[in-house]
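A short write-up of the structure that comes next.
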Amino acid sequence: MGRIADAFENARKENRAALVIYLCAGDPDLGTTADLVVAAAEAGADVIELGVPFSDPTADGPAIQRAAERSLRGGTTLAKVLDTVRVIRGRTDVPILLFGYYNPILSYGEKKVADDAADSGADGFLVVNLPPEESAGLRAPAVARGLDFVPLVAPTSNPERIAQAADAATSFIYYVSMTGVTGSKAVDLASASERAGALQRELGCPVAIGFGVKTKDDVATVAPHVDGVVVGSAVVRTIEDAASPEQAVASVRELVAGLTKGLIRQ
Amino acid sequence: MRYVPRLMQPPEPASGRYGPYGGRYVAETLMPALDELTQAYQESQRDPAFQAELDSLLHQYAGRETPTYFAARLSEEIGARIWLKREDLCHTGAHKVNNTLGQILLAKRMGKTRIIAETGAGQHGVATATACALMGLPCEVYMGAEDVRRQAPNVRRMELLGAQVHSVTSGSSTLKDAMNEALRDWVTNVRNTHYCVGSVAGPHPYPVIVRDFQTVIGQEARAQMLEQAGKLPDAVVACVGGGSNAMGIFAGFIDDEAVRLIGVEAAGDGIETGRHAAPLCAGSVGVLHGAKSYVLQTADGQIVEAHSISAGLDYPGVGPEHAWLKDTGRATYGSVTDDAALDAFQQLCRTEGIIPALETSHAFAYLPTVAKELGPDADILVCLSGRGDKDLETVLEKLQERG
């Protein structure tokens, strides 16, 4: 079992959901990204989704779009993100899921990125615009190197597609809470959580909910139903609003510590 | 590698591959919608009532068929026999309406209650707004802020036609960013909304659907050439941004192996400057907006902004079928600069009394190259994809700069 599956298992033993925190690598800079990952892990994040910025993030709302633009202006590349993972690995064992879009991966080379990601100490891939039909070229070398491949299920996914995702999953399934982009206002997180919970029971595979989960109360709404909760845009906004990199690290530490209070199942 | 047209139209919901190109690289949320669209489209193709309704709209509303015209004075200047397929005479002033009438009819059939579209030059936006007005559906169009500025008359037209135009300020504020924003809208409202894609780009089945709806251009032109010239053309030339007018006219001749198919991309300030919009001539393989094709990108796989005087060609990607046509050699692709396009724009005004769109002017600017290769007895068919009234401000501004 990989580090990500372990993290979900540990959380379950503690009768709580696992907290997955999204950060856009290179926002505000890659050095600070390493500090942010360490701080989030120390504050209680179970898994880090490390965003690899892309010029055309069509599944993301304004907050993550702006973070990606800042990061790219600073010269972030996939290769530099992997270097940063290596740095982070010297400081923490928190599982790191590389999260992004397909073109930078295709450009880097699918087998090469699997090898280099594994060597850097990353734990898996989640590629937003790579549905199961198109994913074999990355999934095979990734899984061969012991990396996780995390599929997505959306509110629009039909039973066949859900089954396909379950087959592809190696640690957990990412359940998109609503039709929309990241950072949108959640329409009805409670009923999305119930649907995701039913899915988790049916598939027997851990499910994490993302999109529109922002606050401790949102986390508390979701936590009783599924094994994982993803918070992204709220973290990115906190970094954006910080006056300095040091303050960004402190604010993220505080935010994550607050979010963990919603994880406990009553 | 030989070009195999039948591969283009998978009989059942499939990946929509053109060799290694095409596919569906989109968020999971959109995948079921693409399946639904594929199925609805295939059913509509088998439904004589749908086909009859579309035919009737194309004839009685859009003004088809459009003429093929022998351009005698231009022929003299170019040094070959030049024939023009007059898509500029379509209702709304460009070929785009062939596709939007088809897609909006299809959207109605699917029970969609809201239409969105992206637009660059505004021609597809106008054509979508027109079809929506005709069929009583609300329409929202995403357009880059830069294009809103340089294609202002088309913004007014869309608004008059009842569409809401969203000015997009992210990224380069052009067509690529308008498409990003349209995709974000679609992922949010996918249940009731049809995304009316304007080119042979995007995830499967869009490249197939848009190509098929534009094939009428090539079918008509082929019959007209046989009737008027008594032969097929030696070459067919069209401008390529996303590539819908080119795919439409190429489709009519694709099985005629002696007919050369030539696409013309926008070289902007010149390929060597890096400021261009020519992914087939100077790009590399990548994935943008749901399909694998040639794109303009950095060594790290970030999409690069395109540059062209023509808003409709100002796009860093191209339809996947063009990528396959290029690799198989069935079509060849060249490029011309902004300056050359401006010269060709003026030449067509002066010699034939026709004001072409700046996009279309790129095809004309490449004619001397083709004529030089094929000789004075060659018959060259050009897709005159749109009229240029929308471009007057841009052209006059540029000409003044030149002095």
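Lettering follows sequence order; numbering is per chain, from 1. In this text, all values refer to a predicted model and were calculated from it rather than measured experimentally.
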(message) Quick check on Ala299(B) against chain A: is it the side chain, the backbone, both or neither that has a heavy atom closer than 4.5 Å?
(response) backbone
(request) Tabulate, in ascending numerical order, the residues of residues 97-109 of chain A having at least one heavy atom closer than 4.5 Å to a heavy atom of chain B, or enter 'none'. (result) Tyr102(A), Asn103(A), Pro104(A), Leu106(A), Ser107(A)
(message) Which one wins on heavy-atom pair count under 4.5 Å against chain A: Arg191(B), Lys292(B), Gln297(B), Met179(B)?
(response) Arg191(B)
(request) Decide yes or no for Pro316(B) and Leu288(B): does some side-chain heavy atom of the first lie under 4.5 Å from some side-chain heavy atom of the second? (result) yes
(message) Going by the rule side-chain contact (heavy atoms from CB on, under 4.5 Å), which residues pair with Arg201(A) if we only count those two or more places apart in sequence or in a different chain?
(response) Ala198(A)
(request) Indicate whether any N or O donor in one side chain lies under 3.5 Å from an N or O acceptor in the other, for Thr38(B) and Arg24(B). (result) yes
(message) Any carboxylate oxygen within less than 4.0 angstrom of a Lys/Arg side-chain nitrogen, looking at Glu321(B) and Arg211(B)?
(response) yes
(message) Need one label for Glu160(A): side chain, backbone, both or neither, based on atoms under 4.5 Å from any heavy atom in chain B.
(response) neither
(request) Please report the closest heavy-atom contact between Gly22(B) and Pro320(B), naming both atoms and the distance. (result) N-CB, 3.3 Å
(message) Within the 4.5 Å heavy-atom criterion, are Cys205(A) and Gln200(A) side-chain neighbours or not?
(response) no
(request) Count the heavy-atom pairs under 4.5 Å between each of Val295(B), Val187(B), Thr298(B) and chain A, then report the option with the highest count. (result) Val187(B)
(message) So for Val127(A), is it side chain, backbone, both, or neither that comes closer than 4.5 Å to the heavy atoms of chain B?
(response) neither
(message) Sort by residue number and list every residue of residues 111-118 of chain A having at least one heavy atom under 4.5 Å from chain B.
(response) none
(request) State, with a plain yes or no, whether a side-chain heavy atom of Val230(A) is found less than 4.5 Å away from one of Ile21(A). (result) no
(message) A side-chain contact here means heavy atoms from C-beta on lying under 4.5 Å apart; do Lys112(B) and Thr193(B) qualify?
(response) no
(message) So for Pro151(A), is it side chain, backbone, both, or neither that comes closer than 4.5 Å to the heavy atoms of chain B?
(response) neither
(message) Report which part of Val190(B) has an atom under 4.5 Å of a heavy atom belonging to chain A: side chain, backbone, both, or neither.
(response) side chain
(request) For Glu43(B), check salt bridge (Lys or Arg N to Asp or Glu O under 4.0 Å) against everything at least two apart and list the hits. (result) none
(message) Less than 3.5 Å apart, any donor N or O on the side chain of Tyr294(B) or Asp327(B) sitting next to an acceptor on the other?
(response) yes
(request) May I ask you to name which of Ile303(B), Leu183(B), Leu30(B) has the most heavy-atom pairs under 4.5 Å with chain A? (result) Ile303(B)
(message) Would you say that Arg114(B) contacts Leu137(B) through its side chain, given a criterion of any heavy-atom pair below 4.5 Å between the two side chains?
(response) no
(request) Return the minimal non-hydrogen interatomic distance between Val318(B) and Gly242(B), and the atom names on each side. (result) CG2-O, 3.6 Å
(request) Report yes if the side chains of Met31(B) and Glu28(B) come closer than 4.5 Å at any heavy-atom pair, otherwise no. (result) yes
